[in-house]
Amino acid sequence: MNLRNRLEKTVCNAMVAAGIPADCPAIVAPSAKAEFGDYQANGVMAAAKKLKTNPRKLAEQVVERLMGAGPDGLTDLAEKIEVAGPGFINITLSGAFAEKQLAAAAGDKEKLGAQPAQTPQTVVVDYSAPNLAKEMHVGHLRSTIIGDCLARVLPFLGHKVIRQNHVGDWGTQYGMLLAYIGTEEASPKDLEDLEQLYIKARAKFDSDPKFAKRARRKVAELQTWDEKSKHISIRTWRWLKRCFKKLLRKFMRLFGINIDYQNIKEFWGMYNAISLEKCLSVYSEKEGLGVLLNSDDTCGESFYNGDLPNVVADLRKAGLLTESQGAQCVFLPQFKGKDGEPLPFIVRKSDEGFLYATTDLAAIRYRVGTLHAGRILYVVDARQSLHFKQLFAVAGAAGFLPEDVRAEHIAFGTMMGPDGKPFKTRTGGTVKLMELLKEAEERAFKLVSEKNPDLPEDERKDIAKTVGIGAVKYADLSQNRTSDYVFSWDKMLSLEGNTAPYMQYAYARIRSIEGKAGLSEGKMPSPHAGETPTTHLKQTAVHGQDAHGTHGRDARATAEKAGAIRITEPAERALAVKILQFPETIQSVADDCMPNYLCAYLFDLAGAFMGFYESCPVLKADGPTRASRLELCRLTAAVIQKGLDLLGIKTIERM
RNA sequence: GCGCCCGUAGCUCAACGGAUAGAGCAUCCGCCUUCUAAGCGGAUGGUUACAGGUUCGAGUCCUGUCGGGCGCGCCA
């Protein structure tokens, strides 16, 4: 159950029943302080202002309704509802309600109390989107990690997510490469070669205007190559080149002859295959980050190539197109550039080449028309916000983006260098993603070997991988995505405080308690949220056999007791309320696309557990208390595991 | 010049217009003969850049100033 929603609704009803207009929000939030109960409703004060009545008196009338039974009553879940301060309504949940809800969550291993959305949507999540021809670097981290989290959270709430990795496989950087292989003999075998080639091509592009022009023309030619008719093969071209050198280009230009782009396309395809493979290994769990993206999700710029002329034609039909300085542009009145001049949205260059504006428009049409998206999320650097504002506006004006389809730019801050300036991607000096991950694992391995030298090396390696990658992801996800951040090894790989290892540690501790409880009763606790494999699958399986073995009676007895969580101690209560807030947390992450809400929640939850851990012995308690606390442990572990899983972070059984 | 974002503890960051602005790191003091000390408890640390305004109530909304980042016609 989404507690906050339930309270919001009921308080709203009660407000209406007390004579408050229905458009006054209840404004329910978790209480700022323990003395204010579990939740506070702040809406009455504003309503009283509107009605020009005494806010406290009005709040009392609302509370009166809340105390009654029926649709505007909270008697089933609250043990105390009171007016405080100038007109706050403070709500304290009853222990009985909490116990009931915890039992329900415990019985719902998959969702842990979260309910599917009433209106499931098809959500396209556009994320990662590296430029091919270059190896992925730390600048690609945020989009990949944040997008991946959203791609996990939304399906958890019953939405259908279609991942789209809009890789850069078509733009000017490819023109550069293809123009470059026209001047040099070059056939890269791996990404290393390709990257060297790219660096050389880039340097030539930046320093040689003629080459730059040729590269741009190459893009335009490539994009419109189907329209051309005269071709020669690249082999022929090379042969001719050897024979005639300087004369050749003039000759070709004079007669409008191009290289056979089918061959060029083969080169292009080879480059893509090489770089894409490397990207996929960065995405893979085995070698890299462990994100959901796979080759099926790759849908790069080139995918839309055939549709680009249509996009421009349709814009023309819609009367949106204007030619300006030889380029095809859309001018919308709300966008102004320098000196108040209208700001163009250029869809076709004067050399007839298309741009990412065109590609993005084609992508919107595809996502709306073919993928049937109800919501489209673009997890892209904040610096592109103007582009997306224009894109959505133009797409709307052209009828590509219906009003009921939400397109959102999920902007994130720039990765800054230690000098406070943005990391430069073009002139080198970047940290490769694979190197970052390796370093993370090494640091984690050092630490785990220090803390737990008795564990076998293989296990320490596994732990290091999970902890290291988790730390990298968590460092990013726990931060408000809209702010810039300075890249720092120490910060990113920190393993203390509000970090993934803290959460993983909390989890491991709980599992350790459960393990010990299981041993003493001849039963391993039921594996929860079981679809996520852990490094200790083997161990769990061994104990799992025990459960079906000779100790069946004990196991059954434990299972019977398991549902009965009894809340008596304050620390138990605090933990219980936190657990019940899992559904509403996930909901707000999905609504606002803010993974840091989930991190903050998990940190609170872990904190609540630590408090419980310190003050409420589990294994030493007896009878029903022991069973209750054990169940509370299981549930906490399940929520932590699921929460981390939604962040894309794995748990381990020991660390 | 115009536009967007930002300015909160020494550092890194939180805080649907709500009550006495919170964490982590760092510093200092305690806690391993009791379920993992990657932990827990406590202390120190703030005129939320500045000045006005809106209102029952402002870190949050509005205006201005200062400071920083980014963007603004054929790159993505």
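Letters A, B, ... mirror the listed sequences (proteins, then strands); counts begin at 1. A quick note: this is a predicted structure, and the numbers were derived from the prediction, not measured. All values below come from the heavy atoms of this structure, side chains included, with hydrogens, waters and symmetry mates left out.
The existence of a salt bridge linking A:Arg443 and A:Asp490 is confirmed by a sub-4.0 Å separation between a basic side-chain nitrogen and an acidic carboxylate oxygen.
Residue A:Tyr356 places a side-chain atom within donor-acceptor reach of the base of B:A76, judged by atom type and a 3.5 Å distance cut-off alone.
Taking the side chain to side chain donor-acceptor pair (under 3.5 Å) definition, one finds that A:Gln40 meets it with A:Asn42, sequence neighbours left out. Residues meeting the salt bridge (charged side-chain N to carboxylate O under 4.0 Å, His left out) test with A:Arg6, sequence neighbours left out: A:Asp76. For A:Arg481, the salt bridge (charged side-chain N to carboxylate O under 4.0 Å, His left out) criterion is met by no residue, not counting sequence neighbours. The side chain to side chain donor-acceptor pair (under 3.5 Å) test applied to A:Tyr356 returns A:His387, not counting sequence neighbours. Remark: A:Phe392 pairs with A:Tyr378, A:Phe388 by the ring pair (Phe, Tyr, Trp, His ring centres under 6.0 Å) rule, at least two apart or across chains. Checked against ring pair (Phe, Tyr, Trp, His ring centres under 6.0 Å), A:Phe303 has the following partners two or more places apart in sequence or in another chain: A:Tyr366.
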- Contact pattern, 5' to 3', of nucleotides 9-14 of chain B - B, S or - by protein heavy atom under 4.0 Å: ---SSS
- With the sugar-phosphate defined as primed atoms, P, OP1 and OP2, and the base as all remaining atoms, what B/S/- string results for nucleotides 21-32 of chain B, 5' to 3', for protein heavy atoms under 4.0 Å? --SSSS------
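Residue pairs meeting the salt bridge (charged side-chain N to carboxylate O under 4.0 Å, His left out) criterion with at least one member in residues 321-334 of chain A, sequence neighbours excluded, do not occur. Annotation: salt bridge (charged side-chain N to carboxylate O under 4.0 Å, His left out) contacts involving residues 594-604 of chain A, sequence neighbours excluded, comprise A:Lys578-A:Asp604.
Distances shorter than 4.0 Å separate none of the side-chain N or O atoms of A:Arg509 from OP1 or OP2 on B:C35. Distances shown here put a side-chain N or O of A:Lys349 below 4.0 Å from the OP1 or OP2 atom of B:C75. In this model, the phosphate group of B:C35 is not approached by any side-chain N or O of A:Lys516 to a distance below 4.0 Å at OP1 or OP2. Look at A:Tyr502 and you'll find a side-chain N or O under 4.0 angstrom from OP1 or OP2 of B:C40. OP1 or OP2 of B:U36 has at least one side-chain nitrogen or oxygen of A:Ser512 nearer than 4.0 Å.
Nucleotide B:C70 holds its C1' atom 12 Å from the CD atom of A:Gln384, rounded to whole Å. Rounded to whole angstrom, the span from the CZ atom of A:Phe612 across to the P atom of B:G39 amounts to 19 Å.
Within residues 467-477 of chain A, no residue places a heavy atom under 4.0 Å from RNA chain B.
The distance between the ring centers of A:Tyr505 and A:Tyr502 does not fall below 6.0 angstrom.
For A:Tyr613 and B:G39, the ring-to-base geometry does not satisfy the stacking test (centroid distance below 5.5 Å, interplanar angle below 30°).
Inspection of the A:Thr651 and A:Gln641 side chains reveals an N or O donor paired with an N or O acceptor under 3.5 Å.
When distances are taken from the side chain of A:Ala327 to each of B:A37, B:C74, B:C16, the shortest belongs to B:C74. If you check B:C70, B:A76, B:G18 against the side chain of A:Arg383, the one that comes closest is B:C70.
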- Query: Dot-bracket, RNA chain B: Watson-Crick or G-U, under 3.5 angstrom, [ ] crossing, | other strand?
  - Reply: (((((((..((((....[...)))).(((((.......))))).....(((((..]....))))))))))))....
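Atom P of B:G10 sits at a distance of 22 Å from the matching atom of B:C6, rounded to the whole Å.
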